[in-house]
Amino acid sequence: MEDEKPLSEAIRKKMEVSGCDVVVARTVEQALDYLKEIGKIDAIWLDHYLLGKKNGLDFVTVLKKTKSKWRNIPIFVVSNIVSSDKVQSYIKLGVNKYYIKSDHKLENIVKDIKSAIEINN
Amino acid sequence: MNFFRETKISFKIITLSTLLAGIFLGGSLLYVIKETRAELLRTSLDNLELKALQERDKINLLSNEVRNRVISLKGTPPFQGIIRAKKGGGFDIPGDSTYEQWTERLQAIFTAEIEATGLYDQLRYIDSEGYELVRVDFINNEAVAIPEDKLQYKGNRDYFLNSINLANEEVYISRSELNREGNPPTISVPHRPVIRYSTPVFDDTSGDFKGLIIANVLVDSLILKNELSNNADFQVYILGSDGFFILHPEKEKEWGGPKNLNTGFNFSSEFPGINLDLLKEETDSILTDYGFVSYAKVRPDKLDLSREWIIIELTQASVILGPINRVVLISLIIGSGIFVFLFFIFTFVVRHLLHPLEELVSGAQELGKGNFKNKIKIHSHDEIGLVAIAFNNMIERLDKLYSFLESQVAEKTKNLNLKIKELKKSQIAMVNVLEDIEEEKKTIENISKDLEKFKLAVDNTSDMIVITDKEGVVLYCNSAVERITGYKSEEAVGKKAATLWKIPMSKEFYEKMWHTIKVEKKPFSAQLKNKRKNGLVYYADVNIAPVLGKDREINFFVGIERDITKEKQIDQAKTEFVSLASHQLRTPLSSINWYAEMLLDGDAGKLNKEQKKYLEEIYIGNQRMVDLVNSLLNVSRLELGTFSIEPKETNLVELADSVIAEQVPQIKERDIKLETNFDKELPKVLIDQKLIRMVFQNLLSNAVKYTKEGGKVIMNMQKEKENLLFSVSDSGIGIPKSEQSRIFTKLFRAVNARESDTTGTGLGLYIVKSIIEQSGGSIEFESEEGKGTTFFVRIPLSGMKSKEGSKTLD
């Protein structure tokens, strides 16, 4: 989930290179729709700022609802915002990891996600 | 007059009596002296006169005696015998003697007379014709009868002629003159002044004049010249009736008359200043220019008034006056001496007499001073003594009276003093009370003034101030309450504060709150969301403090609320801005990063060497941008104060080790020798891990970055007093002295750092410094260009304080 086109393209390319299928959602609604549609999502790359009214935190909140069936999907928040309370909130909600976008190599993040998926499976 | 009033009695008496005595004595003395002087003078002059008189009397006496003797001489037998002899032709029948016998007898008588008396120069019997019949001369102290052949004729001499007509009892006395002898008669030498006494001789039977006895009397014997003393003080003169001197202290001045020596030296020659007429009395004394002249007149021949001698006693005035003046002087001296003596006597006596008076005076003075014990010691029974006795009695009575009074007064005074003490105590107490009251009043006034001020301040402050009782019921709201919450004061008072505009918080929150303010009795702070009357929600900074009375009982609660909505909004806006900025800045950077990465990884195909190189540059450049953006965002958070500090007990050694671990690739790449000296005994310190990690990272990476390949980096960490001392030392390029002062400033990179082509934002040290200082620590460095740099960081072991913020630094 990434609203910036160039970034989402880079992510998609990298994930595909590492052998994942990728769908890109630009809004929370879109993402939820995908979830409903696709059914099996192994991991979520989540940016905080998205198009639309809702942001990543809202999305995670929805996902981590007790009754939600998508509760256990590993979520990796990759964003450029650093406000500690947002980060805290994400972590409290139960995301796997939080990355500051510009601090990390794409490759590394992708690696982490890959290994998390493999562990899950 | 004042002077006189002031002086003592003794002085007055002494002075007056001395004065009187002096006057009296002086007067008497002067009178006495005057009289004495006159008397002395009189006496002296009398003495002088007496002398003259004595001389006169002597002369008179002698003269008389000579007269008598001459007369008696002529009664001797030879005279009649000669007469009879002459009548009898040379023989005296009745006498039975010859003429010669009678003349011899007469010579013998004459001789005896001359020798016996010493008065005569010559005795002669001259006959009626004038022929000397018998003559005896006194020659060389011897009476010598002159032989007949030497007898002379004297019939023409005046003494003869003057005498032939005398009666029997009469005696002619001639003038005195110097004896002449010879023919012509010349003055015999030595001079023999004589006076001739002649008396006629008569025949007894017939009564016829028969001759004269002529006696030449020596003037010197007459005047008893030998007995007259002439000395320097007294001079005797005898002045003959012709005005020439019979007697003069200087012999040559005698017999100056024409009949004698004919020198012309007379009275006037000796005493030119004296008029002879002055000597007009029989006897007198006069003071002349030559001195005192006492004189007496003598007439050898009483019958002849023209023939008078003046016996003059002359004496110098000083001779007379000298003794007199001496006497006067002595009298005066004695008088003065007496005067002085009297004065002392007076003084002594008066003092002595008046001493009791002084006693009296001092006694009275003592009494005047209030001394009733001083009795006067006076032993005399005179008036002063009586006064003293009376005085003493009086003193005794006064003393008794005074003692009695004193005791009475003392008694009363004691009582009075007690009363006064009581009164004073009351007074002091009252004064204290009044003072207290005054103070209270002042305090109250001040308090009320302050109260007014407070009320004004409280009322008008922009923050809400609510005062509740200990149950939380609102007692007072200031004007801000209405402004902020919309609730009017009247609406709020009397209701429980919690029910009013608060949005209910969690149970734990209220528990904590009440515990703090009611139990711990400490102020409680929190940030709350409140609701206005119109439903609007706002954020408030709330501080509730208990107001304690005596015994730490809670009387009131004071709540101060500040509407921090705006602040919160601002904060939020700041945070949002930074977030947005960071997001907006980072997004394109991420994009470049990842695409470059993918290209470099060969995800879009194999790259040739050059393509790789360029892409690497792009990647590196982008990385630099990312670093810069990160740093800038941190800086902005630091400056905006929007970052949080979450201290946790941390083992700093472990933190340092993990930081080192991250740097290992770069260390290895540059072949840097890293040495660590970490004190294993370091306690855990309460620090925000993220922040301190950043500090360690920055310092270590700088050390590595700026050290030449093969260089050395040393890291130390140990306790230093109450701080933890962390130091990083490198052997790198160092910081030039001229740029050391700016090393901590934003975006500053030293020249040599830039020259060395190492990458850096110039923000790292600024961020490190800010973090360290926010932690209550300090940072400093030592550096020498070309040699190396050491940074020292001190963090207090007490740790960092937690701080709320919207973001952490990263």
Side-chain angles (χ1 to χ4, degrees), chain A residues 1-20 22 24 26 45-53 55-57 76-92 97-114, chain B residues 571-572 574-605 619 622-634 636-637 640 642-646 662 688-691 802-810:
Chain A
M1 291 164 72
E2 171 65 60
D3 61 332
E4 293 275 335
K5 254 262 179 100
L7 290 177
S8 61
E9 283 306 308
I11 298 164
R12 178 207 286 279
K13 189 73 199 281
K14 202 73 186 183
M15 290 298 299
E16 281 172 355
V17 161
S18 63
C20 296
V22 181
V24 178
R26 295 180 86 196
W45 173 302
L46 176 64
D47 188 6
H48 176 72
Y49 285 112
L50 298 161
L51 292 178
K53 291 206 183 99
N55 59 28
L57 212 50
F76 298 86
V77 184
V78 184
S79 181
N80 271 326
I81 58 111
V82 196
S83 82
S84 59
D85 48 337
K86 292 211 171 62
V87 175
Q88 295 267 354
S89 314
Y90 274 112
I91 293 180
K92 268 209 183 110
K97 214 163 173 193
Y98 185 99
Y99 297 89
I100 295 173
K101 213 179 274 178
S102 49
D103 284 355
H104 295 273
K105 277 184 127 181
L106 188 54
E107 189 184 322
N108 292 339
I109 302 174
V110 167
K111 262 205 194 122
D112 288 347
I113 296 174
K114 244 346 247 303
Chain B
D571 251 352
Q572 223 155 353
K574 277 196 240 171
T575 318
E576 291 288 335
F577 169 76
V578 173
S579 294
L580 214 58
S582 75
H583 184 263
Q584 298 292 57
L585 287 169
R586 282 187 175 131
T587 305
L589 289 174
S590 306
S591 186
I592 299 169
N593 223 19
W594 288 348
Y595 280 106
E597 188 192 315
M598 285 199 293
L599 281 169
L600 281 168
D601 289 344
D603 294 342
Y619 190 77
N622 193 57
Q623 223 24 60
R624 283 179 71 178
M625 272 304 288
V626 168
D627 283 343
L628 191 59
V629 166
N630 280 344
S631 300
L632 279 169
L633 287 170
N634 280 339
S636 78
R637 281 198 204 101
L640 292 171
T642 55
F643 69 99
S644 63
I645 302 176
E646 290 158 23
E662 287 174 12
D688 182 310
Q689 288 181 355
K690 262 195 137 207
L691 296 173
S802 98
K803 173 165 141 33
E804 266 208 29
S806 46
K807 286 223 193 314
T808 54
L809 302 179
D810 59 0

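Reminder, nothing fancy here: chain letters follow the sequence lines and each chain counts from 1. The analysis underlying the following values was restricted to heavy atoms, covering all of them including side chains, and did not include hydrogens, waters or symmetry mates.
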statement: Taken in chain and number order and not counting sequence neighbours, the residues that satisfy side-chain contact (heavy atoms from CB on, under 4.5 Å) with S18(A) are C20(A), V110(A), K114(A)
field: Sub-4.5 Å side-chain heavy-atom contact between K14(A) and D601(B)
entry: yes
field: side-chain contact (heavy atoms from CB on, under 4.5 Å) partners for L585(B), two or more places apart
entry: V629(B)
field: Heavy-atom contacts under 4.5 Å, residues 2-9 of chain A to chain B
entry: E4(A), P6(A), L7(A), E9(A)
- prompt: Under 3.5 Å, side chain of E107(A) to main-chain N/O of E597(B), donor-acceptor pair present?
  reply: no
Contacts of type salt bridge (Lys or Arg N to Asp or Glu O under 4.0 Å), residue K105(A), not counting sequence neighbours: none
K101(A) side, atom NZ; W594(B) side, atom CH2 - distance, nearest 0.5 Å: 5.5 Å
Euclidean distance, I100(A) CD1 relative to N630(B) CG, rounded to 0.5 Å: 6.5 Å
query: Which answer fits H104(A), side chain, backbone, both or neither, if we ask what part of it has an atom under 4.5 Å from a heavy atom of chain B?
result: backbone
